[in-house]
Amino acid sequence: MKIHKALVVYNKPLYQLHVVEKKDPYFFKLLQKKHVSTKNWKTVYDKHQETMEGVLRTLSLLGITTDTLFRGDLKKVGSYDLVVTIGGDGTFLDVSHYLTDQLLLGVNAAPLESTGALCRARLDNFLSLMIDLITGKLKPRIVPRLQVKVGKKEIPYPALNEVLFAHQSPAGTSRYLISFGKKTEEHKSSGIWVSTSIGSTAAIRSAGGIPMAPTHQGMQYIVREIFPEPARSITLRNKILSANHRLIFYSKMRQGGVFIDGNHIMIPINYGDKVEISAKGKKLKAIL
């Protein structure tokens, strides 16, 4: 594979944000007290800086023209052969929403604190992965993403991991109608997870979902903490669906929301709004 131009999108560890850049006295105090919540801050920051420098040095060594961008400044991604994320799964997912035909590779910059399930690379194997990619030994995967429509409008952020349809407040009851095939039911619950095969080992698994084969092109849904009502029959609780299926929700909440791959993207949903989720989102080209 020919790689002429790459974009590196990086996260900033908490130590960098609050201590190095903002010089926040509150966090200085926590660090001085050796508060348990800041125990690994400096170690994570040092490892992140080492990873950033190593990745940029490697790309330069390979003759690849490289631009860098902070994750918080990301608005769009231009014409690049490769996009490299430096951070964890959150950075990888955030960047994925902006990609069309570019290849995505994640580098886990803080293995001490980040699971990095989507990040194939680390500093110690980044060079070998890049050589395998350039020589064709390592092949990109084409993975499905979820498409979300609210009414007739398609949301321009295809979900790589999952979508959560729920009340905007974690303490609020999610009220909605769920429709699949010829069946429609009314539910009260904590919301509904809908995941891709890639996301089936993440949040939805914690809620009782089933890990799916990575090659599965469909999706899975599971209702969270459904409120049992004796007079109401509930059968649409969870199911693995094919690529041709779609789920439809009708909101009975004035403050509902659709959360895409975490909490950074939330689409407000009003009472009566129709939400349609399918596995028809534009596929992503990635190294996983």
Side-chain angles (χ1 to χ4, degrees), residues 1-3 6-11 48 51-52 54-55 58-59 62 64 71 74 77 80-147 157-163 193-206 209-220 240-241 243 260-262 264-265 279-288:
M1 177 180 179
K2 293 183 179 179
I3 302 176
L7 173 67
V8 172
V9 182
Y10 60 92
N11 193 17
H48 189 280
T51 301
M52 182 79 174
V55 166
T58 298
L59 292 172
L62 294 171
I64 299 171
R71 167 184 175 180
L74 183 63
V77 175
Y80 293 93
D81 304 307
L82 174 68
V83 178
V84 178
T85 63
I86 298 180
D89 286 343
T91 307
F92 188 96
L93 288 167
D94 272 2
V95 173
S96 74
H97 301 140
Y98 296 90
L99 301 189
T100 52
D101 300 317
Q102 304 93 335
L103 175 62
L104 182 60
L105 170 63
V107 182
N108 188 351
L112 183 66
E113 288 201 337
S114 174
T115 303
L118 298 172
C119 299
R120 176 74 177 269
R122 302 177 307 278
L123 177 59
D124 58 5
N125 69 354
F126 182 70
L127 175 59
S128 61
L129 279 176
M130 286 299 301
I131 292 173
D132 287 348
L133 183 60
I134 292 169
T135 59
K137 184 177 178 181
L138 180 62
K139 302 293 185 182
R141 283 180 55 188
I142 307 300
V143 294
R145 292 191 282 184
L146 300 178
Q147 178 191 78
Y157 305 106
L160 178 60
N161 253 14
E162 76 268 315
V163 171
W193 286 115
V194 185
S195 86
T196 62
S197 58
I198 296 296
S200 66
T201 57
I204 198 169
R205 185 180 188 182
S206 299
I210 301 170
M212 301 159 65
T215 54
H216 195 287
Q217 297 298 302
M219 60 186 182
Q220 176 179 180
I240 293 177
L241 308 176
I260 296 177
D261 286 335
H264 286 185
I265 298 177
K280 296 181 179 179
K282 183 173 179 58
K283 290 179 169 56
L284 177 72
K285 185 166 61 171
I287 302 296
L288 294 172

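It should be emphasised that the depicted structure is a prediction, and the values quoted were computed from it without experimental measurement.
Here CD of Glu162 is found 6.0 Å from CG of Asp261. Values are rounded to the nearest 0.5 Å. A distance of 9.0 Å separates CZ in Arg120 from CG in Leu105, rounded to the nearest 0.5 Å. In this structure, the separation between OH on Tyr80 and CG on Leu7 is 5.0 Å, given to the nearest 0.5 Å. Atom OG1 of residue Thr196 and atom NZ of residue Lys283 lie 11.5 Å apart, to the nearest 0.5 angstrom. From Ile260, atom CD1 reaches atom OH of Tyr157 across 8.5 Å, with rounding to the nearest 0.5 Å. To the nearest 0.5 Å, the span separating CG on Leu138 from CD1 on Ile287 amounts to 4.0 Å.
Side-chain contact between Tyr10 and Val55: absent, with no pair of heavy atoms (C-beta onward) separated by less than 4.5 Å. Side-chain contact between Leu284 and Pro158: absent, with no pair of heavy atoms (C-beta onward) separated by less than 4.5 Å. Looking at Ile198 and Asn161, their side chains come closer than 4.5 Å, going by heavy atoms from C-beta outward. Residues Cys119 and Asp89 have side chains in contact (heavy-atom distance under 4.5 Å, counting atoms from C-beta outward). Met1 places a side-chain heavy atom less than 4.5 Å from the side chain of Leu103.
Of the candidates Thr85, Ile86, Thr91, Arg71 forms a side chain to side chain contact (heavy atoms under 4.5 Å, CB included) with just one, namely Thr91.
Here the closest non-hydrogen pair linking Met130 and Ile64 is CE-CD1, 3.8 Å. When all heavy atoms are compared, the tightest approach of Met219 to Leu146 is CB-CD2, 3.8 Å. The two atoms that bring Ala109 and Pro111 nearest to each other are C-CD, 3.6 Å, heavy atoms only. Annotation for Val107 and Leu123: closest pair CG1-N, 4.3 Å, computed over non-hydrogen atoms. Across every non-hydrogen atom of Phe92 and Leu160, the tightest pair is CE2-CD2, 3.6 Å. Across all their heavy atoms, Pro214 and Arg141 have their closest contact at O-NH2, 3.3 Å.
Put simply, the side chain of Asp132 never gets that close to the backbone of Lys137: no donor and acceptor are under 3.5 Å apart. Here the side chain of His48 pairs a donor or acceptor atom with the backbone of Asn11 at under 3.5 angstrom. With hydrogens and angles disregarded, a donor-acceptor distance shorter than 3.5 Å links the side chain of Gln217 to the backbone of Thr215. The backbone N or O of Thr100 sits less than 3.5 Å from a side-chain atom of Gln102, completing a donor-acceptor pair. Under a 3.5 Å cut-off, the side chain of Asn108 and the backbone N or O of Arg122 do not form any donor-acceptor pair. Of the possible polar contacts, none joining the Ser114 side chain to the Ala110 backbone as a donor-acceptor pair under 3.5 Å is found.
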Full working for side chain to side chain contact (heavy atoms under 4.5 Å, CB included) between Ile142 and Lys285: CA-CA 5 Å; Ile142 307 300; Lys285 185 166 61 171; 3.8 Å; yes

Asp81 and Lys2: side chain to side chain contact (heavy atoms under 4.5 Å, CB included), yes or no, with the steps? CA-CA 8 Å; Asp81 304 307; Lys2 293 183 179 179; over 6 Å; no

Passes side chain to side chain contact (heavy atoms under 4.5 Å, CB included), Asp101 versus Lys282? Steps please. CA-CA 9 Å; Asp101 300 317; Lys282 183 173 179 58; 3.6 Å; yes

Side chain to side chain contact (heavy atoms under 4.5 Å, CB included), that's the test. Do Leu59 and Phe126 meet it? Break it down for me. CA-CA 10 Å; Leu59 292 172; Phe126 182 70; 4.0 Å; yes

Show the atom names and distances, to 0.1 Å, of all donor-acceptor pairs under 3.5 Å that link a side chain in residues 199-206 to residues at least two apart or in another chain.
{"unit_1": "Ser200", "atom_1": "OG", "unit_2": "Ser197", "atom_2": "O", "d": "2.7"}
{"unit_1": "Ser200", "atom_1": "OG", "unit_2": "Met212", "atom_2": "N", "d": "2.9"}

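Heavy-atom contacts from other residues, nucleotides or ligands closer than 6.0 Å to NZ of Lys280 number 12 or fewer.
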